Amino acid sequence: MTEGLVVWVMLAPLLGAVTALLGKLLRPLQRPLSILGTASLAVPAVILTLLLGPVMSGESLRYALGGWPEPYGISLVLDGISWFSCAITTVIAAAVALFSLGRRRYEAGYFFFLLIMVAGMYGVALTGDLFTLFVSFEVVAVTVYVLIAWEETDTGLAASYKYLILSTVGILFFLFGIFLVYRDLGVLSISLISRALAEAGGVRNTRFMHLALAFLCGGIGVRTAFIPFHTWLPEAHAYAPHPISAMLSGAMIKVSFFALVRVVLEFGGTYLFELLMWIGAVTALAAVLSALAQSDVKRLLAYHSISQLGYVLAVFGAGSALALTASFSHALNHALFKSLLFLTVGAAVSFTGHRNIHRIPPLGRTMPLFSAAFFAGALSISGIPPFNGFASKGLITTGMEGSAAYPLLWVTSFLTIASFIKLSRIFLPGPRRAGTTPSSGNSNQGSVPGILQTSVVTVLAILCLGTGMFGGSMAHGLYRIIHGTAPDAIPRLFSAKKLLGVLPAVLLGTAAFVGVSTQWGRQIAGRIRRMAPELRTVLLFFFVGLLVFAVVAY
Amino acid sequence: MDVRTRWAAVRFTITFLSLLGGWLLFTWSLDVGSVLAGIASSLLVSALTYSFFIDETEAGRRAHLPRVHVFLLFVCLLVFNMYVASFRVLWKIVKGDINPRVVHFRTRLKTDIARVALTSSITLTPGTITLDLTEDHLIVHWLDAQTTHSRYAGELIKGMYEKLLKRVWL
Amino acid sequence: MLVYAMYFLVISILVSMARVVIGPTVADRMVGLNLVTAQTLALLVVISVSKERLILLDVALVYDIFGFVGILVMTRYFSGRRGEL
Amino acid sequence: MKSGHLLTVLEVALLLLTALFLLQALQGPHPESSDVRGYLVENGSHETGALNLVTAIYLGYRAFDTMGEIVVLLVAVTGVIYFAASRERKDEEDHDS
Amino acid sequence: MTWILICAIFVVGLWGITHQANMVKKVMGLSIANSAIILLFVYYGSLSGTTAPIEGSGDPMVDPLPQALMLTAIVVAVCVMSLALVIVYRLYQRFGTLDIRGVERGAWKLND
Amino acid sequence: MKKTTILDLVSRKLAPFMLLFGLYLLSYGHMSPGGGFQGGVVIASGVILLFVAQGVGTTASLFPFRTLSLVEAAAFLLLLAAGLAGLAAGAGFLGNPMAGVDVRAVPRVSMILVYNVLIGLKVGAGISFVCMYLFREGR
Amino acid sequence: MNVAALVFLVLGAVFNIMGNLGVLIFPDVYTRLQASSTCSTTSVLSFFIGCMLIAGWGPMTGRLLVITIFFFITNPIAAHIIARFARQTGIVPWRQSFRKDPESGEQDG
Amino acid sequence: MVEVLLALMVVNSILALQIRDMLAAVLLLGAFSLLSCLVFFLMNAPDVALTEAAVGTGVGTVVLIWIVYKTERRDEA
């Protein structure tokens, strides 16, 4: 019976989406129907809560769609990883949907796309079949193309086009990988592939499976946006509507990352761990450097998304069971605080109508709750106790103990602090501003966030704080969800040594901020800022990354 | 039941019957399921499209229902002419002497369908192609023009077709 | 017998694609495409008959329909614009 | 335009390298039979009732993929209409305000 | 030989995506590369039989599974293509050009 | 806006047969090549032929935009409902509710037939909607 | 029956070759269209008839008949449409000698 | 036989991407699609051939024609 519930996780948002579509067709019922559609997100939440028990005891629930058994039909699989990724999706999607409901500008069509996207992400998380993974990726992607360009700004459309080309090329290589898998193993179900590979003696003993794995990784890599596949992300995340930015940063790249984890683990691609670790570390550092140079607030946040994903990837590359927990925990925390940051900063942007960090006046007195929430997010991402960034960064430190890539991450952490000192300028207390200031012709300017939006942001801030305070037990629970057993030892979170370790990072961060503020620092920042790559270069990056993945196996 | 309704019913019936005929010809089976599916789909399609399958303003039975025996004769003549003309064109291709001209002339046919049949058959047969048809005015590209005089050219090109078509469709 | 017809038609498609490739104007390419469509139709029919599978003939009909509709749409929306090639 | 040439050279080199990898993968062995295929050919039409095995898989065994595809189509249609219609929408808004 | 040709089509498509500056041409490149992938699957499937996968003749049938997969892939590809073209149309309306370089120059004017 | 007599007449006579052929493809999808999607596209091609020859206005009076989009959404809902019917019959989502019954009156293939018809309706409505909408200001 | 089918197939092949040749060597669009529309229609028709003769009386004939009819309707129409397109885009018909001919003076539609 | 058609497709695709006239490019892409449909048919995949004919030559061409109609016919790049 419990297996039967799994399919409803996907089905509920799909039905909700159709409800919203009907709302689009029947004009007068638009508002209630879109609320009804959004309410369908409660179903997956309830189901996931119900299924937490079996997942924690290490079961993996398999649901054969249409009653066809595995090698012939498609199965939905709910194990620890997919439960976790579904949970992240649900939380972020609910927050984003409520936030969007609070703004009258989004009509029913928007909710249709949003809910289909959520359904597609559940599909990516749940499916146990490579080709269904492809289809789910495409469902997500098609909605994302529309949603990025939803407000039809010049930049939004261009970003959408860029993402479309890049991710379609990625998915072509993904299909090629599927072809190789099907040719050599004759099955498409991921668990059976894993079994067949184990019989053959691992990926490296087959002639082509490592190539297939490289292509699959390249395809998913575009969605996950680590270097060198990251180039679409800054534009797409920066110029999408604000709730969509939160959704993309918070949930979508995470879900793709979990798909990557699943593929790599099931293929037994342990030889990729070192590469992934280094890629992650380099990603974290390079992205945070670019972020420090940005003056557009949302671009800055977008680069931070890449950087934090670098953390997640690097610690996943460390390979131990604890490292996996650390990686997942950081993914969760990042989802929470990054969507919080995007929502608050997005509210500031739509309030003032400016995107430049130096043009936005200090809003601390105008939007007190929002600025409090923003500071919660900023402290989280900087890794200041007791917020959740501290908790997961502590886990990461433990997970990557003794690895050569760790110094890069450490440098990243204080650069993160520096860039957030730079960003917090916009939420410092300043003169109070009136609710509507029609200065330039921008129509979406001066909208004061409503009660629903404020409460969403508050709840997210409280979640950031809560997951930080109870970081130890969170990590414990996560370990059980992922591995199905209780951990041997989770290191203590709030030890004096770690607490003291924050101090030099803060100091160095402040120093870095001061350094960036100097004339010389600004020049360099300007130079980095102008390095926005063209589409052609972006595609070359993609091929380089693909070839790196392919070559590493030899 | 006024005239329009009756005419609509007639049109519907004609559409339905021709669609059903097409279906039967295509599936070539008289299974109950197949025929039922055919009837259902023909009903659906004809309900949707009968209003323009036969135009409302086009009156007269003879405008739509061909005389079958004359029509068959026409088709036979057309096919025969096609082969003959193709040999002629073939010969011209081999020899390479062509004298293309554009000629204009008029047709005496009254109904649209007959005119379209005429242009189609002109296109199909000898080295002639219809460039345009407006009302009864035809513009034809002639591969090996023997004359440029409108009437003679028209007679040469139209040949037997017009007379036969006149008997088929008016 | 039909096998030879098949080979013949493939070669003939190859030859008539030359017009599509070299055609100086778009209309020339369309002539070539029309010819290719007709010959491909014949090829599909010949293959279906030689395999004696009735069901394969559906493909031929769909092929015909879409060749026609494609050319129709192409010509329809560009016929008024003169001076652009 | 110097960098443009350099980019083109790089492009061609990378593409050729990728092509090499693809070719290398494609020259591999071609396994003769697999269990899944055998099962599908054997039982497919009997289990789903469809004589056309492609349909049997497309709408029987793998109907879920098909549903995903239909969702993609729905999204694409709605998105195309959304973008194609937006000029009218803008005009309406202008009239309203 | 067939593999090489299919691979060549794929690479031509990729080359079109990377090298062409025209946005519509890029989308055409996507379509071509996608066709190559479909050819790949179908060709592999066709190696294992001599007759279409429809019951009714005794010969060994080709592998039906890749064909079923490719039906989905074709539809997805055309959906992506039409969406891409509509976005191109909007971009053209905004920037008055189909050249990706012009569009990017216009779009990524960083507002500082 | 010049009407060509030839095109006008041929589209009138040919389009119904194309629609019929589309219906044939989608109702015979289980035993011959074709199926819902292909049948739907053929139906859409009939509509395309109509509006190319007759102008979008005439065609839209026959297939109104609103009806088409409603048909599309409704067909999708019905498809989900058909999937849920399988769930209700205990065969799983998108399963065949007739699998366990296996009576002679209701052949096993009927579920695929239902899917095909629904998909065909959805695709036909959707694609003709899109094409008509794109060319709505056309010549 | 087989001999008749063979005759038709050979006939089709001959027409086909000539049609191709015509399309390749003729000087302008209209003349190429002549070769394409007449010869290829005839050749494809011959192929169809040959196939019908081989297939014999049965369901295949019906379907082949439908295809033939459809082809017969669409191919001349397609040729006509192309010719009209060529004319409206302003392609002047090729002439062997450049005598002024009053009948073909106008090219506009 | 298939090889010949595939080689033709390669030529076609290169030309479709290289040619300056966008309408001709669309036409060549249509021809590419028709040829690939034929190839699928030769590979005993009538279903895929049907879909490719319907999608590549039908819907794809229509949408591409629309974009060329709405934008520019000449590729200046």
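Computed from a prediction, not measured in an experiment: that's the story for all the values here. Residue numbers begin at 1 in each chain, while the letters A, B, ... track the order of the sequences.
The two residues E:Q67 and D:V54 have their closest heavy-atom pair at OE1-CG2, 3.4 Å. Across all their heavy atoms, E:E55 and D:V41 have their closest contact at OE2-O, 4.1 Å. Considering every non-hydrogen atom in both D:G79 and E:L83, the closest pair reads C-CD1, 4.0 Å. Looking at every heavy atom in both residues, D:A19 comes nearest to E:C7 through O-SG, 3.9 Å.
A 4.5 Å side-chain heavy-atom check between D:L15 and E:H19 finds every atom pair outside the cut-off. Here the side chains of E:L40 and D:L26 are in contact, with some heavy-atom distance below 4.5 Å.
Per-residue heavy-atom pair counts under 4.5 Å with chain D were compared for E:V11, E:D63, E:V78, and the maximum is reached by E:D63. Of the listed residues E:V75, E:V80, E:V76, the one with more heavy-atom pairs under 4.5 angstrom with chain D than any other is E:V75. Interface summary for chain D: among E:S82, E:A52, E:A68, the most heavy-atom pairs under 4.5 angstrom belong to E:A68. For the set D:L59, D:L14, D:I57, the entry with the most heavy-atom pairs within less than 4.5 Å of chain E is D:I57.
Atom OG1 of E:T72 and atom CG of D:D65 lie 5.5 Å apart (nearest 0.5 Å). The line from CD1 of E:I17 to CD of D:E11 is 11.0 Å long, rounded to the nearest 0.5 Å. Rounding to the nearest 0.5 Å gives a distance of 11.5 Å between CD1 of E:I6 and CG of D:L22. Atom-to-atom distance recorded for D:E42:CD and E:M61:CE is 10.0 Å, nearest 0.5 angstrom. Separating the CZ atom in E:R90 from the OH atom in D:Y82 is a distance of 8.5 Å, to the nearest 0.5 Å. For the atom pair CZ of E:F10 and OG1 of D:T18, the computed distance is 9.0 Å after rounding to the nearest 0.5 Å.
Only the side chain of E:I87 comes within contact range of chain D, with at least one heavy atom under 4.5 Å from a heavy atom of that chain.
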